[in-house]
Structure formats: structure tokens, C-alpha cells
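Since this is a predicted model, take the numbers as computed values, not measurements. The first residue in the sequence is number 1, and the count goes up from there.
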Amino acid sequence: MVLDLTGMEIANASLLDEGTAAAEAMFMQYSLRKNQQANIFFVSEESVPQTIDILKTRSQPYGIELQIGDHRKVELNEQMFGAIVQYPQVAVQFTTMADFAAEPYQRH
């Protein structure tokens, strides 16, 4: 459909809104998790409300528990299979996510 709309021979675009894209990312992480018992997905409280609402709706059928909190203070654990931090955050802050992104790799 994107090809038809743009008239291009090839296109790499998504017609998903950000909330739906976040939900798809959550489910992809859930499907690929190594620990099959892990059912907690961390969501930064600084994500926009509509993204959080869509994540809440899409997590319920799979029994995914959302943990919403401060990504700078969260302690990731083995029951968590993934996380999302929206950029920029709801307050339109542009901050580095390097420390948050590196933390899971430092534990293994």
C-alpha cells in the first residue's frame, strides 16, 4: 500500500501510530523472551499517555504485567522480558538513554 501511495518502486515505511508500534515492539520482545516465565514489561512513566493506554490494552490478553515507573531508577530483574522508554518523553526532554540501555548487558 505504501508503494501505491508514494509511487516509489520500494518503500520502507510504517502506517502504524506510535502507540501501536510500541505495542508491537512489546509483543515482539514477549515472543522472543529467553525466560518463558518472564511476564513483566517495563514502561517509562514519561511515555505519552496514549502509548501507555495502548500498551495496557494490548498486554491484557497475554497476561503481561506492565510496570510503569522511572526508567532512571528501575531495577531490572529476571521477571522482566523487555522495556520501553519513549524519546522524546512527554515533557519533550532529550536525554541520553545509554545508561539505561547498557544496564541489562552489564548483568550478563
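- Counting only residues at least two apart or on different chains, the salt bridge (charged side-chain N to carboxylate O under 4.0 Å, His left out) pairs with a member in residues 53-62 are Glu24-Arg58.
- Atom-to-atom distance recorded for Glu45:CD and Ile68:CD1 is 9.0 Å, nearest 0.5 angstrom.
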Report the C-alpha separation of Glu75 and Met80 in whole Å, then their side-chain angles, then the decisive distance to 0.1 Å, and conclude whether the side chain to side chain contact (heavy atoms under 4.5 Å, CB included) test is met.
CA-CA 10 Å; Glu75 292 186 26; Met80 295 177 169; over 6 Å; no
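- Under a hydrophobic clustering in which Ile, Leu, Val, Met, Phe, Trp and Tyr are joined whenever their side-chain heavy atoms come within less than 4.5 Å, directly or via other members, Phe41 and Tyr62 fall into the same cluster.
- With sequence neighbours excluded, the residues that form a ring pair (Phe, Tyr, Trp, His ring centres under 6.0 Å) with Tyr30 are Phe81.
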What do the steps show when you test Gln67 against Val43 for side chain to side chain contact (heavy atoms under 4.5 Å, CB included), and what is the final call?
CA-CA 6 Å; Gln67 180 179 333; Val43 181; over 6 Å; no
Under the criterion side chain to side chain contact (heavy atoms under 4.5 Å, CB included), I'd like the reasoning laid out for Gln86 against Thr51: C-alpha separation, chi angles, the key distance, then a yes or no.
CA-CA 9 Å; Gln86 194 159 357; Thr51 296; 3.6 Å; yes
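- The residue from Leu55, Leu66, Ile52 that alone fulfils the side-chain contact (heavy atoms from CB on, under 4.5 Å) condition with Ile84 is Leu55.
- Between Gln29 and Gly82, the closest heavy-atom pair is OE1-CA, 3.0 Å.
- Note on Ile40 and Ile54: separate hydrophobic clusters, where clusters join Ile, Leu, Val, Met, Phe, Trp and Tyr whose side-chain heavy atoms are under 4.5 Å apart, directly or indirectly.
- Here the side chains of His71 and Phe42 are in contact, with some heavy-atom distance below 4.5 Å.
- In this structure, the side chains of Met26 and Ser59 come closer than 4.5 Å at one or more pairs of heavy atoms.
- Looking at Asp17 and Gln50, their side chains never come closer than 4.5 Å, going by heavy atoms from C-beta outward.
- Proximity of Asn39 to Ile64: side-chain heavy atoms (C-beta onward) are nowhere separated by under 4.5 Å.
- Heavy atoms of other residues, nucleotides or ligands lying less than 6.0 angstrom from CD of Gln37 number 12 at most.
- We find that Arg33 and Glu78 are not joined by a salt bridge, their nearest charged nitrogen and carboxylate oxygen being 4.0 Å or further apart.
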